[in-house]
2 protein chains.
Amino acid sequence: MILSKTTEYALNVLAFMATRNKEMYPADYLCKELKIPRQYLKRLLTDLSKKGFITSIRGRNGGFIFSRDLSTINFLHVIEAMEGPEAMNTCLLGFTACIVDHPCVMHDLWTKARSKMTETLTNTSFADLKNKYDKDKKSIAQIIIH
Amino acid sequence: MILSKTTEYALNVLAFMATRNKEMYPADYLCKELKIPRQYLKRLLTDLSKKGFITSIRGRNGGFIFSRDLSTINFLHVIEAMEGPEAMNTCLLGFTACIVDHPCVMHDLWTKARSKMTETLTNTSFADLKNKYDKDKKSIAQIIIH
DNA sequence: ATAATATACTATAAAAAGGTAGCATTTTAT
DNA sequence: ATAAAATGCTACCTTTTTATAGTATATTAT
């Protein structure tokens with residue numbers, strides 16, 4: 001499963017923000033915690049806020065917060081926002097003409113297997129992530145290591 | 001699902017070679033049929049032969065043929081050979097430290113969903129692909145459109 | 001007011017992926 | 001032998017992705 005580094009960063013940032021209980025996440029703080037290149041992360045954060053996942057607050061004491069309830073954002077939302085709406089919908093063989101009317105040889109098999117995955121990505125919101133994190137924290141010392 | 005273009009080309013070429021009944025596939029022929037950039041494809045074919053999927057035969061009347069039985073090559077083999085052995089095994093959140101001892105928050109869920117997919121890729125050999133192609137060819141006019 | 005601390009923007013550099021061109025080498029039909 | 005037809009190799013170019021630097025703008029504690 002290969003997502004672009006940028007998408008991984010995005011999921012990483014949002015997962016971090018979702019599981020901590022801070023009121024505000026300044027870029028520099030996130031940068032330090034997640035070891036993502038400073039300027040690149042800043043641009044990513046601006047991008048994520050333009051995409052409606054987080055809200056930016058400028059000025060002293062500013063930073064970023066989620067702009068809507070964690071339960072309304074799932075993993076597929078983020079992946080598709082970053083990689084394009086068709087990212088999880090492409091033909092395994094790369095045939096542009098592989099569509100319902102003219103499926104390629106792998107079509108049925110692939111669609112079935114892939115849908116299992118996107119199902120998971122759709123059914124998991126960042127609220128679920130937070131719940132799991134809060135629950136597991138008690139038993140496992142370090143869940144996200146960074 | 002995002003594979004690199006090169007990996008898509010690789011699957012495309014091998015799927016094509018597996019389903020046609022030619023004795024030999026010269027690079028120029030594959031290039032014309034599959035519309036993959038000529039020189040790039042040549043390099044890819046050399047690469048695929050070095051990786052043991054196909055054998056190159058030089059000189060007049062040369063070209064490429066599968067170097068082993070179609071039933072011994074599955075889709076995961078090719079994807080991992082192209083993208084690296086860990087390609088289908090990476091953490092969704094991109095945490096390098098997400099391992100069995102210290103799983104990340106998404107680990108269980110993700111591993112489960114993903115394994116459904118790799119299972120399909122493992123269980124489908126290029127012989128299966130050929131069988132499916134031969135069977136479907138009768139009912140669907142054009143299965144692989146290019 | 002002003003200094004401190006944020007994000008926003010723009011331009012550019014570096015690295016990786018994708019693609020091109022030309023020539024060398026190998027094989028075989030003639 | 002030789003020409004044709006194939007792969008092999010190397011160097012380079014283009015595009016995309018990732019990363020950096022510097023400056024502008026906004027907000028607020030003091």
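The sequence lines fix the lettering, A, B, ..., with proteins before strands; numbering per chain opens at 1.
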inquiry  = Given D:dC9, D:dG8, D:dT18, identify the nucleotide with an atom nearest to the side chain of B:Phe64.
reply    = D:dG8
request  = Take atom NZ of A:Lys51 as the centre, draw a 6.0 Å sphere, and report whether it contains more than 12 heavy atoms from other residues, nucleotides or ligands.
outcome  = yes
request  = Please work out if A:Ser49 contacts a base, only the sugar-phosphate, or nothing of the nucleic acid, heavy-atom cut-off 4.0 Å.
outcome  = nothing
ask   = Do A:Asp108 and A:Thr111 have side-chain N/O donor and acceptor atoms under 3.5 Å apart?
value = no
query = When all nucleic acid strands are considered with a 4.0 Å heavy-atom cut-off, which category describes B:Thr6: base, sugar-phosphate, or nothing?
reply = sugar-phosphate
query = DNA chain C: B:Pro37 or A:Arg38, which has the more 5' nearest nucleotide?
reply = A:Arg38
inquiry  = Base, sugar-phosphate or nothing for B:Tyr29? Non-hydrogen atoms, less than 4.0 Å.
reply    = nothing
ask   = Side chains of A:Thr120 and A:Asn123: donor-acceptor distance under 3.5 Å anywhere?
value = no
message = Under a 3.5 Å threshold, yes or no: a donor from one side chain and an acceptor from the other, between A:Asn12 and A:Lys35?
response = no
Distance-only donor-acceptor check, side chains A:Ser4 and A:Thr7, under 3.5 Å = yes
May I have the list of side-chain donor-acceptor pairs in residues 36-44 of chain A shorter than 3.5 Å, sequence neighbours left out?
{"unit_1": "A:Arg38", "atom_1": "NH1", "unit_2": "A:Asp28", "atom_2": "OD1", "d": "2.6"}
{"unit_1": "A:Arg38", "atom_1": "NH1", "unit_2": "A:Asp28", "atom_2": "OD2", "d": "3.1"}
{"unit_1": "A:Tyr40", "atom_1": "OH", "unit_2": "A:Thr6", "atom_2": "OG1", "d": "2.7"}

task = Under 4.0 Å between any heavy atoms, over every strand shown, what does B:Arg43 touch: base, sugar-phosphate, or nothing? Just pick one.
result = base
message = Quick check: on DNA chain C, is the nucleotide nearest A:Leu45 upstream (toward 5') of the one nearest B:Lys42, or the reverse? Name the residue that is more 5'.
response = A:Leu45
Residues in contact with DNA chain C, drawn from residues 54-62 of chain B - heavy-atom cutoff 4.0 Å = B:Arg58, B:Gly59, B:Arg60, B:Asn61
key: Where chain B begins and ends its contact with DNA chain C, read 5' to 3' at 4.0 Å from heavy atoms   = C:dG18 to C:dA29
ask   = Under a single-linkage definition using a 4.5 Å side-chain heavy-atom cutoff for Ile, Leu, Val, Met, Phe, Trp and Tyr, are A:Tyr25 and A:Leu70 assigned to the same hydrophobic cluster?
value = yes
